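The structure appears right after this line, and notes come after that.
Naming convention: chains lettered A, B, ... in sequence-line order (proteins, then strands); numbering from 1 in each chain. Here the structure is a predicted model, which is why all the values come from computation and not from measurement. All values below were derived from every heavy atom in this structure, side-chain atoms included, with hydrogens, water molecules and symmetry-related copies excluded.
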Amino acid sequence: MSSILDVHNLTKTYKNGSNTLTVLDEVSFTIEKGATFAIVGPSGSGKTTLLGLCAGLDRPTTGWVSLDGHELHKLNEDQRAALRNQTVGFIFQNFQLIPTLTALENVMVPMELNKTAGAKSKAMDLLAKVGLAERHHHYPTQLSGGEQQRVSLARAFSNHPKILFADEPTGNLDEETSEKVVNLIFDLNKEAGTTLVLVTHDLELAQRTQRVIRLKGGKIVADQLNVA
Amino acid sequence: MKDFTWLLKMAWRDSRRSRSRLFLFISSIILGVAALVAIQTFSDNLQQDIDEQARTIIGADLVLNSNRQFPPDIVAIMDSIGGEQSSQVSFASMVFFPKSQGTRLVEVRAIKGNFPYYGEIDTDPSQASRQFQDSKQALVDRTLLLQFSSNTGDSIRVGDLGFGISGSVLDAPSQTGITATVAPPVYIPLQYLESTGLIKKGSRIRYSRFIKFDDPSQVGAVMEAVRPRLEKEDIDIDTVQSTKEDLGETFGNLTKFLSFVAFAALLLGCIGVASSVHIYVKEKLDTVAVLRCIGAKGPQALWIYLCQIIAMGLLGSVIGAAGGSALQLLLPTVFSDFLPLDVSLSISWQAIFNGIVIGLTISILFALVPLIKVRRISPLRVLRSGYESADDRDPLLWSIYVCIFGFVLAFSYWQGIGDWGDAFVFTLALLAAFAILSLVAKLITWAIRKFFPTNWNFIWRQSLANLYRPQNQTLILIVSIGLGTALIATLYFVQQLLISQVSFSSRGDQPNMVLFDIQTEQTAAVSQLATAHDLPLIQEVPIVTMQLIEVNGHTKSDAVEDTTIAYPKWAFNREYRVTYRNHLIDSEELAEGTWDSTSMENRDTIFISMDQGFAENMKVSLGDELLFNVQGAPIKTVIGSFRKVEWNRVQTNFLVVFPKGILEEAPQFHVLMTKVNSPEKSADFQREVVSQFPNISIIDLNLILSTVNEILDKVAFVIRFMALFSILTGLIVLISSVIISKFQRIKESVLLRTLGAQKKQIMAINALEYFFLGSLASTVGLLLALASTWALAYFSFDSTFVPSLWPLLMVYVIITGVTMLIGLLNSKGVLSKPPLEVLRSEI
């Protein structure tokens, strides 16, 4: 099976005056297409930084990332944006829906950016899949946290991404809602055959993925395969 | 194309919940555009009306004017031109109204013929203007009749002769409200002029000949033939064409100045646009980051918001242009006292187009300054709230600054200043004001942080800390409110400065009455009359009129033909009113040369003294030879000294002073200055003078002062009318800045509420924050206004600006008060609702 994400000797440092803070320290791993993958670790271990670098939202200090065969450091900001649009789906802890757009319009945006025909009906189908067809005309502030995360899930799958990055997807949700959202993530992922990269400190959630890497102080301290 | 449609769609969707706020951003340019369109429409209509009405303004095809009686050969030339001709002799004189026993200085126009040939002297009754020349009748200015409680049918005495008043003059060719206020016209038939006894040697009289051609197209050809001869005799030539050009230039300058004031309002509005968009963009950072994260390119994100600005800018400009077209209906009324013609009211599509283009361009340019950063917002913000890209240097931003600078420079040159150097200085000054305000804002935030009063109570600390905390509005509000204050206060101070310059008063020993046109043989009798009325003889001065013929042997034609001769042509054209004495007076001091040289004792050379500034303009030096024509007699003189003259003193001041012993026998008149303490005494004395010496004119300085005040009131009204646009725009900028800043503070206020802060505590925090902002901004704005007014006073008006405390305090209190009031009203809504409702409803 070929890889979709290659991370090679990735290091990220920040300068604060004369001090240098190393957030990620020579991290390397590869993720196969269609795999489910979790990055766990305590707060400040570099999980979110790693996710941002893998998705091309940030540039590493040294090392490189190859996403779906594209070496991200060779692309400019707009080329990386285009790659994200065609290849990547995102789910965030704080949902990150556009507040001025309705649920339906939020789901349509990636397809419209990609000039996909029939964006509206496809977005309606996706909202129906996450159980929010009736609420399509509501704005984010009119939806509950769980509902917002489901809209965000529908948006994440709207462009048939090859890889889905989820950053603490249940971090802002109660237990019952979390369960529903997690089930949806795994169901939709399985249905679409998408690679899933999950950043969490919920070890129970991480155990549902095929492989878990543990970060501490910016280094990989464990890399474990889960048996299905 | 598909991409563009999506951008429009996104812009539309994104604006859905903030359209009213977006419109608020743009509303600040509406008034500026309205003012520009109104002024340009007015200007276009005025130009068109000047073209159409120039003939009725001068009332003939050709008008020839001279300060001396036309010589016989010139009369022959004028007679040979043919067509229909009228003559007029006009001069300032006192008139007497027997009914009310009142006297007043007027302009007497003695006329013969059917002038005006185009338009008419508008009288009540209307036939009076055609019939008054048939008998000993006069036409009198309507206001004058009202002032002296006289009516048609009463009488008026002009010089030695009484005339029946056959009608009141409502309007006449080339007459404006202002000219009628200074010297109201009284028309009499020319045939009776001699009998009035007012024409004496040395009197200042204007002789005019009005000619109507059978074929008006011949004017050019005829003038071509006779112009050199007429010019040699210093005869002014007015044709319809030259009137069009002169009026066009005069009113072109007026409308350019007004456009400039309108442009200042527009610029102020643009600062509002920039500051509002700056805050709007701050709120949109997270949305843009999400868009970038899911695949939108930088330029796409920029265009979404630029489309919103373009749409709102267009809407604002169109509303402004429509408002301006409606507003121009008012302008002819505002300017009626200054215009010699009726201005028509029609829509100028050119003005509307220009207004929309200027409004749209400038709002886009100013909005781009904060908007441009949208391209570079990092998608990483979706993971790390508040993440800002470390590299903020954007070369495109500098291009926008250059475009704004270029636009302001080009507009100020094209619209008002007309000189690239001055336009550049103006633009730089504006830039400096921006820089100073920004620097002050940064200094203030730095100083508060550095010297924070940690022992103050919570409310004071909280409000003070809001000035430097993240999301603070210190820079934006200080720049926009400060610049607005500076513009408005400068307009106000300049107006005060202009008014104070002319408000000379008759305090102390300063004379307040001037008697002129006194003949030499009348001087003793007039002095006696004044003494009999217990009036002091403050000054008694002889005046001789003369022409300059040569400077160092060069004549006027030499100066015209030889460009290497520096002496200006006007020096030869003007009439010189000269006095003679052997001493300096209070308002003069010797600047160069020796005053003794002006004494004629034991000398052959006539040394004269000249005003220093005038000599500089004339490009003459000490020792230069000037040849004067003193009413037929050539007199050769040498410049012996220069004097520095205080022209704003109530004195008879002179450009040229001769020594005693030369001009005593020349035709001359005398001026006598005295001081009268009460209006009753003044009226008594004037009545006596007019009755005994009808040729003597009296200027009552108290009357002049009230006339000047009246004129200034009218000028001030125009200035205030135009300043109103700046003031209202400033208010809108203030309101929009404060309303938009609400969104910055909303979460903090709600959080404080949630944590248990009382409504009045949050109100106090907000009130104090806006007090600090309003106070700082208005103080800096006032300081800028003081500096710019001082510079204008020093460099442009040649005067000293002494600011008075009360207007400064007033502007400070108003601006600070309004800022606080708007800030408080604005936060009231937030505080009266439950915290969660506020957070859910405000995006």
Part of B:Arg16 lying under 4.5 Å from any heavy atom of chain A: side chain
Which one of A:Thr87, A:Asp68, A:Thr195, A:Thr194 satisfies the side-chain hydrogen bond (donor to acceptor under 3.5 Å, both in side chains) criterion with A:Lys162? A:Asp68
Is it true that atom CZ of B:Arg375 has more than 12 heavy atoms of other residues, nucleotides or ligands lying nearer than 6.0 Å? yes
Examine whether an atom of A:Met108 lies under 4.5 Å from a heavy atom of chain B, and if so say whether it belongs to the side chain, the backbone or both; otherwise answer neither. side chain
Test A:Asp78 against B:Arg292 for salt bridge (Lys or Arg N to Asp or Glu O under 4.0 Å), laying out the working first. CA-CA 9 Å; A:Asp78 283 343; B:Arg292 300 281 283 130; 3.5 Å; yes
Can you tell which part of A:Arg155 gets under 4.5 Å to a heavy atom of chain B, answering side chain, backbone, both or neither? side chain
Assess the residue pair A:Phe95 and A:Val151 against the criterion (side chain to side chain contact (heavy atoms under 4.5 Å, CB included)); give the C-alpha distance rounded to whole Å, side-chain angles, the decisive distance to 0.1 Å, and a yes or no. CA-CA 8 Å; A:Phe95 326 129; A:Val151 175; over 6 Å; no
Top contributor to chain B contacts, counting heavy-atom pairs under 4.5 Å, from A:Leu51, A:Thr102, A:Asn85: A:Asn85
